[in-house]
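Read through the structure below, which is laid out as structure tokens, and then see the notes.
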Amino acid sequence: MAEKYEDSKIYRLRHSAAHVMAQAVLEKFPEGKVAIGPPIEDGFYYDFDLPRPLTPEDLEEIEARMREIIKNNSPFIREEVSADEARKIFKDQPYKQELIDGLEEGKVDEHGNPVEEKPVISIYKSDEFVDLCRGPHLESTGQINPKAIKLMNVAGAYWRGDEHNPMLQRIYGTAWLSPKDLKQYLWRLEEAKKRDHRKLGRELDLFSVSENVGAGLVLWHPKGAMIRHLVERFWQDEHLKNNYSFVNTPHIGKSDLWKKSGHLGFYAENMYAPIDIEEQQYFLKPMNCPFHIEIYKSDIRSYRDLPMRYAELGTVYRYERSGVMHGLMRVRGFTQDDAHHFCAPSQMPEEIDFVLSFSLHMLRSFGFDEINAYLSTRPEKAVGEPERWHAAEAALEESLKRAGVDYEVDEGGGAFYGPKIDLKVKDAIGREWQLSTIQFDFNEPERFDMTYIEEDGQAYRPYMIHRALLGSIERFFGVLIEHYGGAFPIWLSPVQAKIIPIADRHVDFAKEVAMELKSAGLRVEVDDRSDRMNAKIRDAEKAKIPYMLVVGDREMEAGQVDIRRRSGERLGAMQVEAFKALAVKDVAEKVEG
RNA sequence: GCCGAUGUAGCUCAACGGUAGAGCAAUCGCCUUGUAAGUGAUAGGUUAUGGGUUCGAUUCCCAUCAUCGGCUCCA
């Protein structure tokens, strides 16, 4: 069993580094106010209310001062105090006063998180600095390795994370046990930068976002659109194999529909302003479900029709606040790989089993092997019968167990209309991304009065399950780019092989080879520029094309191609037919090479 | 939306209160090449947009738009 982060030395180290930083900041700005400063993943931060914005030069100064404080090697001394004593000690610190009030009431800890027992109020002293703090800390500042800390950046953050509160300045820092660990962490950041889908999107000419079109609206370039096409084609094939029906629905719908579905009530802030058409108001769709429900309701449904599975690559538009857009990950117009399942209560557990295993199959097909699940259950405020909630939650949990997926339960974390499972994948450098979501909906079937006729001739309410496996095609593409660092598996590569003639006299032969490979469904291009072979190889490498096929006098003579992989590996010369078979096999087996 | 930073050629970046330059890419030549950059020339910019200050603004100021790092929110 791994040690909990909260109990580890590195946690105490980061917490201690936060105190040292706060001291350095207060020395520079004696009138500054301090808020809170906890350890976080990979480091720590501290929030301050300061008279002016901090600059990168300030950070350097603060970091240098931190090293001096560390050198003093002063001990961290813990003291327990009464609330009144604490108030006296922090008399010039309004944020600390607020925290002390909270501690005295006994409902929250010094970070504002709810706690069971009324906490003891403790303070920690080190060098010239005193902080309201639960600890724990290192024994002394000298235990911090001055060469293993680094201040990263400054950012705004609301006091207690509430946007109605004042905006503070948050300094992020990182701290490690050894300089080697710090170096490795910085290397990881560099690596993540290299894989940034926004950078690769430009370099590989996959997509762009134009200021002239609008923020958060993605333009898919030919190579990106090819990958999207391949993803969608695979997605469609798999859905057809699994008894889905495809539906297609429009981009706008009348206001009455959205009133009925409830979206104008609980989702209005994410919807765009209405469009007036012949004195009726229409809204851009933020979701596809009301349309799918209308299709369901276009006829009387029998128990014999169930389960029904409606799938659509449905493009939706959601208003996102201006500061939140991020490449492909967070956009204003996107296509969900959406589907709605309608089933009878008796079919429900089996239907969940299917959706979960189908979801895992889909994610694994794209090279995501590490998948974690999050089960969110009934919140305080919820619609729908409690029995249905329980049955649904049980089905979700049982299904996760059967599938052998690691999961965490988020009690009360479900939406008001139903419990859900979210699946997160780990990418090649260990970052988690949320993709799939499987959610029950107890709201819309009621609002639309959806029914089916049972054997007994009576009308019953079906279960409705809403799911997206890839999430959105845009986000999924972004994750895919970062996961593979732009070097897509062969079946997804927009160009699978680049044919490189050594001299102009080999171009005709190269084109013949290209024709031959294209006839097998391979995506190949001939680099017929009069450049040197070395330059052509360099360009193909930079484009991360899986195979480079060099053809010169020798190959032309023998009807061969000389093969180089993008890894630099040389496979030597082989017959065109042999390469064709090799590449076709790579595609079928989804080889990553 | 909020806090902070940024916006100069297709890309990466210089420079400057007196109307801008490099490398790569592009175009046109020459070279005809054996596994990551051959070579010469040419072209390319109302310095994001709109105001203001100034004799003069791309540079200083304001607003808007967009991007980046975060916060809040989320597929």
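Per chain, numbering begins at 1; letters A, B, ... match sequence-line order. Not measured: the values here are computed from a predicted model.
A:Arg475 comes within contact range of at least one nucleobase, with a heavy-atom separation under 4.0 Å. Looking at heavy-atom distances under 4.0 Å, A:Gly471 makes contact with sugar-phosphate atoms alone, never a base. Residue A:Asn153 is classed as a sugar-phosphate contact, given heavy-atom separations below 4.0 Å to backbone atoms only. Using a 4.0 Å heavy-atom cutoff across all strands shown, A:Gln439 reaches no nucleic acid atom at all. Heavy atoms of A:Asp553 sit under 4.0 angstrom from at least one base atom. Residue A:Val331 is classed as a base contact, given a heavy-atom separation below 4.0 Å to a base. Among the heavy atoms of the strands, none lies under 4.0 Å from A:Tyr45. The residue A:Glu320 sits close to a base: some heavy atom pair falls under 4.0 Å. As judged by a 4.0 angstrom heavy-atom cut-off over every strand, A:Gly161 is placed among residues touching the sugar-phosphate backbone only. Within the 4.0 angstrom heavy-atom criterion, only backbone atoms of the sugar-phosphate kind lie near A:Tyr172; the bases stay farther away. Contact annotation for A:Ala468: no contact, since no heavy-atom pair falls under 4.0 Å across all strands. Counting any heavy atom pair closer than 4.0 Å across all strands shown, A:His326 reaches sugar-phosphate atoms only and no base atom. Among the atoms of the strands shown, base atoms are found under 4.0 Å from some heavy atom of A:Ser530.
In summary, the side chains of A:Asp504 and A:Ser530 do present a donor paired with an acceptor at a separation below 3.5 Å, with no hydrogens or angles considered.
When the nucleotides B:U33, B:G70, B:U72 are ranked by their closest atom to the side chain of A:Tyr158, B:U72 comes out on top. Relative to the side chain of A:Val550, the nucleotides B:G34, B:G4, B:C3 differ in distance, and B:G34 lies closest. Checking B:G34, B:C71, B:A75 against the side-chain heavy atoms of A:Val324 singles out B:C71 as nearest. If you check B:A37, B:G1, B:U32 against the side chain of A:Ala503, the one that comes closest is B:U32. In this structure, of B:G1, B:A75, B:U32, it is B:G1 that holds the atom nearest to the side chain of A:Tyr319. Relative to the side chain of A:Ala215, the nucleotides B:A36, B:A66, B:U32 differ in distance, and B:A66 lies closest. Among the nucleotides B:U33, B:A37, B:A75, the one closest to the side chain of A:Phe334 is B:A75.
One atom, CG of A:Asp531, and another, P of B:G29, lie 14 Å apart when rounded to the nearest Å. Rounded to whole angstrom, the span from the CD atom of A:Gln169 across to the P atom of B:C3 amounts to 12 Å. One atom, CG of A:Asn270, and another, C1' of B:A75, lie 11 Å apart when rounded to the nearest Å. Atom CD in A:Glu211 sits roughly 11 Å away from atom P in B:A48 (whole-Å rounding). Atoms CZ (A:Arg170) and P (B:G69) sit 16 Å apart, rounded to a whole Å. We find that NE2 of A:His164 is positioned 14 Å from P of B:C2, with the value rounded to whole Å. Distance NZ (A:Lys536) to C1' (B:C31): 13 Å, rounded to an integer number of Å. Taking atom CZ of residue A:Arg529 and atom C1' of nucleotide B:U27, one finds them 14 Å apart after rounding to whole Å.
Ion pairing of A:Arg160 with A:Asp162 is absent here, as no side-chain N (NZ or NE/NH1/NH2) approaches a carboxylate O to less than 4.0 Å.
Side chain A:Glu555 to base B:G34: a donor-acceptor pair is found below 3.5 Å. The base of B:C73 sits with one of its N or O atoms less than 3.5 Å from a complementary donor or acceptor on the side chain of A:Arg330. For A:Arg532 against B:U32, a side-chain-to-base donor-acceptor contact under 3.5 Å is absent.
Two residues, A:Ile502 and A:Glu541, neighbour RNA chain B, and the one matched to the more 5' nucleotide by heavy-atom proximity is A:Ile502. Along RNA chain B, the nucleotide nearest to A:Pro501 and the one nearest to A:Ser322 differ in position, and the one closer to the 5' end is contacted by A:Ser322.
Judged by the 6.0 Å distance and 45° axis criteria, A:Arg170 is positioned over the aromatic ring of A:Tyr45.
Here the separation of B:U72 from B:C2, taken at their C1' atoms, is 8 Å to the nearest Å. Taking atom P in both B:G70 and B:G51, the straight-line distance is 36 Å, to the nearest Å. B:U8 and B:G23 have their C1' atoms separated by 15 Å, with the value rounded to a whole Å. Separation of the P atoms belonging to B:C61 and B:C24 is 35 Å when rounded to the nearest angstrom. Nucleotides B:C62 and B:U54 place their C1' atoms 16 Å apart, quoted to the nearest Å. Taking the C1' atom of each, B:A14 and B:U59 are spaced 14 Å apart, rounded to whole Å. Rounded to whole Å, the C1' atom of B:A15 lies 44 Å from the corresponding atom of B:G34. Rounded to a whole angstrom, the distance from the P atom of B:G7 to that of B:G38 is 33 Å.
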Short N/O separations, protein against nucleotides 8-13 of chain B, under 3.5 angstrom:
| residue | atom | partner | partner atom | Å |
| --- | --- | --- | --- | --- |
| B:U12 | OP1 | A:Arg202 | NH1 | 3.2 |

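OP1 or OP2 of B:C71 has not a single side-chain nitrogen or oxygen of A:Arg160 nearer than 4.0 Å. The phosphate of B:G69 (OP1 or OP2) has a side-chain N or O of A:Arg198 nearer than 4.0 angstrom. When the side-chain nitrogen and oxygen atoms of A:Arg332 are compared with OP1 and OP2 of B:A75, none of them lie within a distance under 4.0 Å.
The ring of A:Tyr46 has its center no closer than 6.0 angstrom to the ring center of A:Phe44. Taking the six-membered ring for Trp and the full ring otherwise, the centers of A:Trp220 and A:Phe477 sit less than 6.0 Å from each other. Separation of the A:Phe358 and A:Tyr244 ring centroids falls under the 6.0 Å cut-off.
Considering only heavy atoms from C-beta on, A:Ile40 comes within 4.5 Å of A:Tyr172 through its side chain. A:Gln434 has its side chain out of reach of A:Tyr374: every pair of non-hydrogen atoms, C-beta onward, lies at least 4.5 Å apart.
In a base pair of the Watson-Crick type (N1 to N3 plus N6-O4 or O6-N4) or a G-U wobble (N1-O2 and O6-N3), with each distance short of 3.5 Å, B:A41 is matched with B:U27. Both distances falling under 3.5 Å, in either a Watson-Crick or a G-U wobble arrangement, place B:U49 opposite B:A63. Pair assignment for B:A9 gives none, since no Watson-Crick or G-U wobble pairing has each distance under 3.5 Å. Pair check for B:C68 finds B:G4; Watson-Crick or G-U wobble, both atom distances under 3.5 Å. With both pairing distances under 3.5 Å, B:G34 is matched to nothing as a Watson-Crick or G-U wobble pair. With both pairing distances under 3.5 Å, B:G17 is matched to nothing as a Watson-Crick or G-U wobble pair.
Below 30°, between 30° and 60°, or above 60°: for A:His483 and A:Phe368 the angle between ring planes is between 30° and 60°, a tilted geometry. Aromatic ring orientation, A:His466 versus A:His340: perpendicular (interplanar angle above 60°, classes split at 30° and 60°).
Looking at A:Glu60, its side chain never comes within 3.5 Å of a backbone N or O of A:Glu57 through a donor-acceptor pair.
By the neighbour-count criterion of 12 heavy atoms within 6.0 Å, atom NZ of A:Lys511 is sparsely surrounded, having that number or fewer from other residues, nucleotides or ligands.
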